[in-house]
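Take a look at the structure below.
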Amino acid sequence: MTRKKKVPTKAELLQLQKLYKTDEKIGERLGGVPAYLVAYWRRKKAIPKHSLPKFSEIEVRNLWERYGDDEKAGLEIGLSKAAFYNWRRRYGIKEKPAFLKLEQLEFNFPGAKLSAHANSLYGKQTVAQKILARIAGVEKVERGETVEVEPDMAVVHNDIGAVMQLFRKLGPEFVWNPSRIVVSEDCVPSLEKHRSPEADQKAAREFLKRQRIKSIYDFREGFCHQVVMEKGHVLPGQLVLSTDRLAAAYGAMSSLATTITPDQMASVWAESKASIKAPETIRITISGRKGRAVFAKDIFLSILQKLTATGAQGKVVEYGGSVMSQMTMSERFTLSSLAVELGASGAVCPYDAATRRYVTGRAGNNYKPVIPDKNAEYSEMYQVAIDQVVPQLVCPPKSDTVRAVAELDGTQVQLIILGSLTNGRFDDLRVAADILKGKHVSHDCRLVIMPSSRTVYLEALKKGLIRVFIEAGAVVVSSGSFSEIAAAGMLTAGDRCMATTGSDLMTQLSSKGVEVYLCSPATAAASALHATITDPTRFVR
């Protein structure tokens, strides 16, 4: 008579699994029990099958000693903060690395300029250097070094006519890679006196169609760089070349965008390569807590006040700090696009869970995010505390003259433009709608709402924001050109205008004798109620 095998308890099975891992070895330990029977016992007791570690203890320990941070270490191997923490706990790695304990003894004073160099540890590479090194196929790139790169994406905006003409002169019949080229046709200036802009538009469309470039967007879609981000053309860790300086906005995606000339872009179209000089990087660490009615625009303006319009001339601005982790992608887009106001050639925001969520569903997962080395060397480092920051605005005539909104409270304005590439996303419109709901725009001024894209417009329409604006007496228009608004006779010499744009509008309208003040959407909406510059603090819950 065969003796019936005793079924182990759940606790016994778990202990055996911990020791012997596989069903086969557990069966052997139990005296020759078949693996399928062990598997059956597991399923009955809701014990999952043992999975072998994907990451060795050495690998996890090395990453922990390198970064001392679960989120940053996890990014290196594609794990979330919680997942890396679990791997670390599995191997009993609990103590902070020694060098981090030493770093905690350093004190950083708000607003103070910090030492530009850290101790000699690890690679010393910034995000910009790492991205260029990856594209160039080299281990590292030194600041100021020129490397030849093939971009992940090439974006052409207002210079499409010039790029086309230069490309034809180079000789090739077709572009290097149509899937890596994005074109915005919203403005194709005439390059030949005998041809009309309409003829140039038609010629551009025919050319792009023959080249089989599918990522083509015209004025119906909205502002070029907003659309490029929405459509998932830019991914974390990528290099984007563009003929427009506002492409710095792609830094919100933790990518690097560099501006090149139409000549260089034509060469990229023809030969796929461009020579790029590795830029110096400025690190701006933002800490503290945002006050009421303080938004990304106000935070940037406080930075602009300290660094001035030439504070980052020709350099890349790398943002970091605890405040960045609390910012939405919309706010990061604002910070990145405004970096050009510092004279920067580009901007980079940190890659984190917010970035990952934004990418999911918009594009594939075939990307590798980049984070700076622990001891990355920067040309300058600043720490900005925002605890005392209040709503700010830029005052004419200079683009870096920044004052608190409360200082100019009561100054009369005739036109307010809310929207654009800088502050025209859904989050911005929602802030304005919350202030305007149930109220009416003053009869002494006009409020123009300009969503940054058709997608944003549709979302605002579905959520009822457009209704709020119309009922409040605002004018809602599709994405377009500010110069067209001015040309329509909305402003005359001596008028004042408030806008949520960058300084380009200030430059355009100053020649007409119009004063332009740049501010956040909250300040713009609050000011529209009284036709005067108004501190939005009391209007924001």
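As the structure is a prediction and not an experimental result, all values here were calculated from the model. Note: hydrogens, waters and symmetry copies are ignored here, and every other heavy atom, side chains too, is used.
Taken from CD in Gln226 to OG in Ser453, the straight-line distance is 4.5 Å, to the nearest 0.5 Å. How far CE of Met450 is from CG of Leu429: 11.5 Å, rounded to the nearest 0.5 Å. Here the straight-line distance linking atom CG of Asp400 with atom CG of Leu307 works out to 10.5 Å at 0.5 Å rounding. Atoms CG and CG, on Leu436 and Leu447 in that order, are 6.5 Å from each other to the nearest 0.5 Å. For the atom pair Ser520 OG and Asp428 CG, the distance stands at 9.0 Å (nearest 0.5 Å). To the nearest 0.5 angstrom, Ser267 atom OG is 12.0 Å from Trp176 atom CH2.
In this structure, a donor-acceptor pair under 3.5 Å is present between the side chains of Glu341 and Ser503. Defined by atom type and a distance below 3.5 Å, a donor-acceptor pair is missing between the side-chain atoms of Thr126 and Arg283. For the residue pair Asp504 and Thr507, no side-chain donor N or O sits within less than 3.5 Å of a side-chain acceptor on the partner.
With a 4.5 Å cut-off on side-chain heavy atoms, Val323 and Ile386 count as touching. Side-chain contact between Tyr217 and His233: present, with at least one pair of heavy atoms (C-beta onward) separated by less than 4.5 Å. In this structure the side chain of Phe295 never reaches within 4.5 angstrom of the side chain of Lys290, judged on heavy atoms. Side-chain contact between Val340 and Leu246: present, with at least one pair of heavy atoms (C-beta onward) separated by less than 4.5 Å. For the pair Phe333/Tyr358, no side-chain contact is recorded, criterion being any heavy-atom separation below 4.5 Å from C-beta on. At least one side-chain heavy atom of Arg430 sits under 4.5 Å from a side-chain heavy atom of Asp427. Contact check for Leu256 versus Tyr250: no side-chain heavy atoms found under the 4.5 Å cut-off. Side-chain contact check for Trp269 versus Val156: some heavy-atom pair is nearer than 4.5 Å.
Heavy atoms only, all atoms of each residue included: Cys497 and Ile417 are closest at SG-CD1, 4.2 Å. For the pair Val294 and Val389, the tightest heavy-atom approach, listed with the atom from each and the gap, is CG2-O, 3.3 Å. Scanning both residues, Thr355 and Pro350, for their nearest heavy atoms gives OG1-O, 3.6 Å. Contact detail for Ala293 and Val540: the closest heavy-atom pair is CB-CG2, 3.8 Å. Of all non-hydrogen atoms in Leu239 and Arg134, the two that sit nearest each other are N-NH2, 4.3 Å. Ser325 and Asp352 make their closest contact through CA-OD2, 3.9 Å (heavy atoms, listed as atom of the first residue, atom of the second, distance).
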Does the pair Arg425 and Thr334 meet the rule for a side-chain hydrogen bond (donor to acceptor under 3.5 Å, both in side chains), with working shown?
CA-CA 9 Å; Arg425 282 162 294 285; Thr334 297; 3.1 Å; yes
side-chain hydrogen bond (donor to acceptor under 3.5 Å, both in side chains) between Thr537 and Asp535, worked out
CA-CA 6 Å; Thr537 305; Asp535 190 324; 2.6 Å; yes
Stepwise, does the side chain to side chain contact (heavy atoms under 4.5 Å, CB included) test hold for Met327 with Ile299?
CA-CA 11 Å; Met327 283 190 172; Ile299 293 172; 3.6 Å; yes
Just do the side chain to side chain contact (heavy atoms under 4.5 Å, CB included) check on Ile181 and Ser215 with the steps written out, would you?
CA-CA 7 Å; Ile181 296 175; Ser215 301; over 6 Å; no
Does the pair Asp244 and Val155 meet the rule for a side chain to side chain contact (heavy atoms under 4.5 Å, CB included), with working shown?
CA-CA 8 Å; Asp244 183 20; Val155 179; over 6 Å; no
Between Val60 and Phe84, is a side chain to side chain contact (heavy atoms under 4.5 Å, CB included) present by the stated rule, with each step listed?
CA-CA 8 Å; Val60 172; Phe84 185 85; 3.9 Å; yes
side-chain hydrogen bond (donor to acceptor under 3.5 Å, both in side chains), that's the test. Do Thr310 and Gln313 meet it? Break it down for me.
CA-CA 5 Å; Thr310 57; Gln313 193 67 44; 5.5 Å; no
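Not a single donor-acceptor pair under 3.5 Å links the side chain of Gln392 to the backbone N or O of Leu301. Distance alone, capped at 3.5 Å, places no donor-acceptor pair between the Glu380 side chain and the Ile282 backbone. Between the Trp64 side chain and the Glu95 main chain, a donor and an acceptor come within less than 3.5 Å of each other. Judged by distance alone, with hydrogens and angles left aside, the side-chain atoms of Ser527 form a donor-acceptor pair with the main-chain N or O of Thr534 at under 3.5 Å. When atom types are taken as modelled, the side chain of Asp387 and the backbone of Arg289 share a donor-acceptor pair closer than 3.5 angstrom. Side chain of Ser379 to main chain of Thr281: a donor-acceptor pair is present (N/O by atom type, distance under 3.5 Å, no hydrogens or angles). Between the side chain of Arg180 and the backbone N or O of Ala154 there is no donor-acceptor pair closer than 3.5 Å. For the pair Arg245 (side chain) and Ser242 (backbone), a donor-acceptor distance under 3.5 Å is absent.
Residues satisfying the salt bridge (charged side-chain N to carboxylate O under 4.0 Å, His left out) criterion with Lys297, sequence neighbours excluded, are absent altogether.
No salt bridge links Asp373 with Lys140; every basic N to acidic carboxylate O contact stays at or beyond 4.0 Å. Salt bridge annotation for Glu280-Lys315: present, with a cationic side-chain nitrogen under 4.0 angstrom from a carboxylate oxygen.
Within a 6.0 Å sphere centred on NZ of Lys273, other residues, nucleotides and ligands contribute more than 12 heavy atoms. Counted within 6.0 Å of CD on Gln388, heavy atoms from surrounding residues, nucleotides or ligands total 12 or fewer; the atom is thus considered open.
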Under 3.5 Å, sequence neighbours excluded: what are the donor-acceptor pairs made by side chains of residues 455-466?
from	atom 1	to	atom 2	distance (Å)
Thr455	OG1	Glu230	OE1	3.4

